[in-house]
Amino acid sequence: MENYKTLTIDEIQQGLRSGSFSAGELAHEALRVSKAENERYNSFIHFCPERAMEAAERVDAELAAGKDLGPLGGVPVAVKDVIMTEGLRTTCGSRILENYVAHYDATAVERLEKAGAVIFGKTNCDEFAMGSSNENSAFGSVRNPAVPERVPGGSSGGSAAAVAGGFAPVSLGTDTGGSIRQPASFCGVVGVKPTYGRVSRYGLTAFASSLDNIGPFARTVKDAATVLGVIAGYDAKDSTCANVDTSDYQAALDGDVKGLKIGVPKEYYAEGLDAEVRERIECGLKLLESLGCAIVEISLPHTEYAVATYYLICTAEASANLARYDGVRYTRRSSEMGTLEQMYAKTRAEGFGAEVTRRIILGTYVLSAGYYDAYYRKAQKARSLIAADFKKAFQTVDAIVTPVSPFPAFRLGEKVSDPLEMYLSDIYTLTSSLAGNTGISVPCGETSEGLPIGMQILADHFNEVTMLKLADAFERGVGFEVQ
Ligand code: GLN
């Protein structure tokens with residue numbers, strides 16, 4: 001199958017219907033290509049051939065019986081290894097869960113398979129989704145298929161690389177502070193962070209529960225919209241999942257964006273933004289203008305507090321969420337036991353990597369008596385102000401356009417010794433995470449060295465339709481050279 005690496009969902013479904021290939025052959029090819037490329041890119045932690053072949057056979061049997069293909073019928077999908085898959089290891093990129101086998105499926109996984117998807121592997125990621133380069137994985141770094149000596153971004157680096165390298169047509173990642181959008185931007189693919197509550201978190205290993213989201217990576221906006229349509233919607237198993245109508249996202253992609261008002265927040269185009277990234281985003285804005293959008297400058301005045309606020313809230317929540325890995329529950333337990341307390345300490349010291357340990361310590365500190373008001377409560381107040389900035393902005397604009405990250409993909413190893421520098425990769429994505437809005441990264445050209453650049457489009461809560469419509473119209477217009 002020569003063209004496997006570039007197939008879109010529509011092409012897969014046409015191929016299946018016309019008999020050019022079967023779902024079984026496609027699953028086989030997905031596994032063959034991904035395994036062969038994994039030695040170089042390391043984008044998967046493990047594969048699940050039996051589960052994939054079973055799903056593919058179901059699709060082939062339905063096709064043979066003349067039934068309709070589901071929206072993802074036969075489509076090979078890679079899933080980030082923080083998302084539960086029954087009967088399969090779900091490691092979260094951590095030594096502490098190295099041999100943990102999930103005993104249920106996440107709602108998103110269940111919905112994918114019900115729609116005909118063929119899940120064939122679990123992707124590499126930063127440990128417990130903490131990181132911006134995928135270098136915090138206990139299973140090694142991932143290389144960026146667009147520029148192999150560079151990082152793919154993180155924490156969903158494996159899922160982004162799987163789509164960019166042609167190993168999977170679509171994949172699932174998670175975004176807490178930018179972990180779908182930033183790697184999508186670094187690898188040159190589309191990545192969607194849905195509105196908080198749009199997609200059930202049931203079966204997503206919690207990092208920072210008030211910020212975590214599951215969302216898709218794809219090569220086209222349309223494919224991302226299809227996957228989102230499948231996984232979105234109310235789920236009684238997640239009390240934070242919103243009971244809001246899900247729209248037909250694909251149908252909204254009509255290319256008509258005339259008259260939409262786009263806000264450009266002045267705070268995002270300040271110091272620290274790479275000149276080439278700025279230039280590409282400015283060209284992108286010109287393209288949107290030529291499609292009939294009105295571009296207006298706006299202000300999100302509390303932006304400067306976002307990084308500090310995010311790292312107080314996410315570490316506080318992480319310290320509580322990760323308390324459960326204690327050597328009693330789940331799999332790993334240190335062989336040097338001693339007292340109960342020593343066993344806890346040994347297990348956790350052996351099982352967690354440096355970044356996770358740093359965040360547990362910081363989070364425990366900000367939640368401790370005496371510091372709670374000074375740090376955690378203050379961060380919650382700042383979070384409300386940041387969310388109010390967005391609410392106000394969305395009263396006058398339909399969407400907001402910014403860079404995804406201040407710089408393109410950096411070299412492997414370049415930022416590992418400086419956590420603060422690493423934290424700045426997400427400076428443009430964290431704010432909307434705190435506010436709970438939806439956001440997308442859509443490819444917007446390359447630097448002179450050929451490094452992909454993503455443009456971020458943000459929209460108000462549950463307004464994925466406007467965001468996807470804009471991103472799709474933009475994607476159709478790319479290839480442009482607006483001066
Ligand atoms: N890079 C950010 C962090 O390290 C975001 C991670 C994420 O979205 N999961 O927390």
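For the numbers below, each heavy atom of this structure counts, side chains included, while hydrogens, waters and symmetry mates do not.
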Are a donor atom and an acceptor atom from the side chains of [X] and [Y] found within less than 3.5 Å of each other?
X: Ser405; Y: Gln182; result: no
X: Ser433; Y: Arg181; result: yes
X: Glu267; Y: Ser299; result: yes
X: Gln250; Y: Thr226; result: yes
X: Arg111; Y: Ser200; result: no
X: Thr240; Y: Arg201; result: yes
X: Thr107; Y: Asp238; result: no
X: Thr466; Y: Asn463; result: yes

Student check: side-chain heavy atoms of [X] and [Y] closer than 4.5 Å:
X: Val75; Y: Pro169; answer: yes
X: Thr438; Y: Phe462; answer: no
X: Arg280; Y: Cys444; answer: yes
X: Val397; Y: Leu260; answer: no
X: Ile83; Y: Val109; answer: yes
X: Leu451; Y: Arg150; answer: yes
X: Asn437; Y: Thr195; answer: no
X: Ser141; Y: Asn42; answer: no

- Item | Pairs satisfying side-chain hydrogen bond (donor to acceptor under 3.5 Å, both in side chains), at least one member in residues 54-75, at least two apart | none

- Task: Please list all pairs passing the side-chain hydrogen bond (donor to acceptor under 3.5 Å, both in side chains) test where one or both residues lie in residues 392-401, with sequence neighbours left out.
- Result: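 Applying side-chain hydrogen bond (donor to acceptor under 3.5 Å, both in side chains) to every pair that reaches into residues 392-401, excluding sequence neighbours, yields nothing.
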
I need the minimum non-hydrogen distance between [X] and [Y], along with the two atoms involved.
X: Ser171; Y: Val163; value: OG-CG2, 3.4 Å
X: Ala393; Y: Leu300; value: CB-CD2, 4.0 Å
X: Pro403; Y: Leu273; value: CG-CD1, 3.8 Å
X: Ser179; Y: Phe217; value: O-CZ, 4.2 Å
X: Ile231; Y: Val199; value: O-CG1, 3.8 Å
X: Tyr428; Y: Val404; value: CB-O, 3.5 Å

Could I get the full list of side-chain hydrogen bond (donor to acceptor under 3.5 Å, both in side chains) partners for [X], not counting sequence neighbours?
X: Thr123; answer: Ser159
X: Arg51; answer: Asp105, Glu113
X: Thr315; answer: none
X: Glu276; answer: Ser448

[X] side chain vs [Y] backbone, donor-acceptor pair below 3.5 Å:
X: Glu317; Y: Ser210; result: yes
X: Asn134; Y: Pro152; result: no
X: Ser247; Y: Tyr249; result: no
X: Thr220; Y: Asp223; result: yes
X: Asp175; Y: Ile180; result: yes
X: Asn144; Y: Phe186; result: yes
X: Ser155; Y: Ser132; result: no
X: Asn213; Y: Lys193; result: no
X: Asn124; Y: Gly140; result: yes
X: Ser94; Y: Thr91; result: no

Electrostatic pair [X]:[Y] at N-O distance under 4.0 angstrom:
X: Glu29; Y: Arg32; result: yes
X: Lys391; Y: Asp460; result: yes
X: Lys469; Y: Glu464; result: no
X: Lys122; Y: Asp81; result: yes

- Count the heavy atoms belonging to other residues, nucleotides or ligands that lie under 6.0 Å from NE2 of His28, then report whether that count exceeds 12. no

- Indicate the ring-plane relationship of Tyr305 and His302, choosing parallel, tilted or perpendicular according to the 30° and 60° boundaries. tilted

- Item | Phe47 six-ring centre to Lys35 NZ/CZ under 6.0 Å and within 45° of normal |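 Because its charged atom sits under 6.0 Å from the ring centre and within 45° of the axis, Lys35 does stack over Phe47.
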
Residues two or more places apart in sequence or in another chain: which of them pass salt bridge (charged side-chain N to carboxylate O under 4.0 Å, His left out) with [X]?
X: Asp10; answer: Lys222
X: Asp245; answer: none
X: Asp472; answer: Arg476
X: Arg359; answer: Glu355

- Start with the C-alpha gap between Val401 and Met455, add the side-chain angles, then the distance that decides, and say whether side chain to side chain contact (heavy atoms under 4.5 Å, CB included) holds. CA-CA 7 Å; Val401 168; Met455 181 170 93; 3.7 Å; yes

- Message: Under the criterion side chain to side chain donor-acceptor pair (under 3.5 Å), I'd like the reasoning laid out for Thr431 against Tyr268: C-alpha separation, chi angles, the key distance, then a yes or no.
- Response: CA-CA 11 Å; Thr431 40; Tyr268 284 51; 2.5 Å; yes

- Please find out if less than 6.0 Å separates the ring center of Phe128 from that of Phe207. no

- Message: Aromatic contact between Tyr423 and Tyr310, with the criterion being ring centroids under 6.0 Å apart: yes or no?
- Response: no

- Task: Apply the test ring pair (Phe, Tyr, Trp, His ring centres under 6.0 Å) to residues Phe44 and Phe139: give CA-CA distance (whole Å), side-chain angles for both, the deciding distance (0.1 Å), then the verdict.
- Result: CA-CA 9 Å; Phe44 289 83; Phe139 302 94; over 10 Å; no

- Tyr4: what forms a ring-ring contact (aromatic ring centres under 6.0 Å, His included) with it, not counting sequence neighbours?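 With neighbours one apart ignored, the set is empty.
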
- Of all residues at least two apart in sequence or in a different chain, which pass the ring-ring contact (aromatic ring centres under 6.0 Å, His included) check with Tyr104? Tyr202

